[in-house]
Amino acid sequence: MIIHKQIRRYMKKYPDQEYGTKLIRSQHDYAKEVGTYGLLGNIPSNACGSVAYHNILCMMNRPVRYSETLSYIRRKWMFYTFLGGLDGTDIFAVMRLLRKQGLTLKLYVDKKRIPKNHGAYLVFFRYKDLFHGHFTAARYEMINGKQRLVTYNNYVISDDFEAYCKNRKAWFMLVWGIR
C-alpha cells in the first residue's frame with residue numbers, strides 16, 4: 001500500500017512512534033498533528049477507532065502496519081470519520097473494516113454476561129456526555145496466574161468489562177466479541 005504523503009511526513013518527523021504491526025498501548029504517545037487522522041483530526045485526540053482496529057488485527061494474528069491503516073483512513077476520511085476526523089471514527093466503519101478482514105463480530109450489551117473466550121473485543125463506551133465516546137481493543141490475558149481483561153489504546157488491566165466500565169466512568173458501553 002502507498003503511504004499517504006501527510007502520514008509519510010509525520011513518520012519522518014516522529015520516527016520513534018509505532019507505525020508497524022505491534023500492539024499500540026496508548027494512542028496518547030503520538031504527537032498531536034492536524035491531518036494525521038482524517039482530514040482535520042490527530043492521532044492522540046481522534047484516532048481511537050483506528051488504533052482499536054489495528055490492535056484487534058494484531059490480537060487476531062492478522063497484523064497490518066498502522067501506517068497503512070492511517071493512510072487508508074486519510075484517503076477515505078469521508079467514509080470513515082466524523083467531521084473530517086475531528087470527531088473520531090464512525091462506529092460502523094470500524095465494524096465494516098473488521099468484517100472486510102474476514103472477522104465475525106458478536107454484540108454484547110450486558111457487561112455481566114460477556115464470555116471470556118473471544119480472541120479479541122471491540123469496546124465502545126460513552127463518558128461525560130452524549131458526545132464523548134471512545135473505542136478500545138481488549139482481550140483476556142493471564143496475569144499473575146489470573147485471567148484479566150487487558151484493554152489497549154489506553155492501557156488498563158481490569159477483572160472484567162463491568163470493572164473496566166466503572167474504571168472509565170462510562171455510562172454506556174457496547175462490546176463486540178471478535179472471532
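H54 places a side-chain N or O within donor-acceptor distance of the main-chain N or O of V64, the cut-off being under 3.5 Å.
Side-chain contact between R9 and Q6 is present, with heavy atoms from C-beta onward closer than 4.5 Å. Inter-residue side-chain proximity for Y10 and Q17 is flagged as met; some heavy-atom pair is nearer than 4.5 Å.
Considering every non-hydrogen atom in both S67 and I3, the closest pair reads OG-CD1, 3.7 Å.
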Show me the donor-acceptor pairs within less than 3.5 Å that the side chains of residues 90-101 make with the rest of the protein, sequence neighbours left out.
unit_1: D90; atom_1: OD1; unit_2: F92; atom_2: N; d: 2.9
unit_1: R96; atom_1: NH2; unit_2: F79; atom_2: O; d: 3.2
unit_1: K100; atom_1: NZ; unit_2: Y72; atom_2: OH; d: 3.2
unit_1: Q101; atom_1: NE2; unit_2: Y53; atom_2: OH; d: 3.3

Can I get a per-line list of side-chain donor-acceptor pairs under 3.5 Å for residues 170-179, giving both atom names and the distance, sequence neighbours left out?
unit_1: R179; atom_1: NH2; unit_2: N117; atom_2: OD1; d: 3.0

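The hydrophobic cluster around Y152 extends to L23, M59, I143, V150, Y155, I157, counting ILVMFWY residues whose side-chain heavy atoms fall within less than 4.5 Å of a member.
In summary, the aromatic rings of Y121 and F161 are positioned with their centroids under 6.0 Å apart.
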Problem - Intermediate values then yes/no, side chain to side chain contact (heavy atoms under 4.5 Å, CB included), R74 and Y37 - result: CA-CA 6 Å; R74 179 65 169 87; Y37 192 68; over 6 Å; no
Exercise for the section: Show the numbers, then the answer: is there a ring-ring contact (aromatic ring centres under 6.0 Å, His included) between F124 and F135? Expected result: CA-CA 5 Å; F124 177 78; F135 286 103; 5.1 Å; yes
Practice task
Show the numbers, then the answer: is there a side chain to side chain contact (heavy atoms under 4.5 Å, CB included) between R168 and V156?
Solution key: CA-CA 9 Å; R168 303 312 296 175; V156 175; 3.8 Å; yes
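Between the side chains of N153 and H134, no donor N or O sits under 3.5 Å from an acceptor N or O.
For residues 25-40, the pairs satisfying salt bridge (charged side-chain N to carboxylate O under 4.0 Å, His left out) are K13-E33, with sequence neighbours left out. Sequence neighbours left out, the pairs with a member in residues 143-160 that pass salt bridge (charged side-chain N to carboxylate O under 4.0 Å, His left out) are K146-D159, R148-D159. Listed by first and then second residue, the salt bridge (charged side-chain N to carboxylate O under 4.0 Å, His left out) pairs involving residues 54-64 amount to none (not counting sequence neighbours).
In the hydrophobic clustering of this structure, M11 groups with I73; members are Ile, Leu, Val, Met, Phe, Trp, Tyr whose side-chain heavy atoms approach within less than 4.5 Å, directly or through other members. Under the 4.5 Å side-chain heavy-atom criterion for ILVMFWY residues, a single connected hydrophobic cluster contains both I56 and L107.
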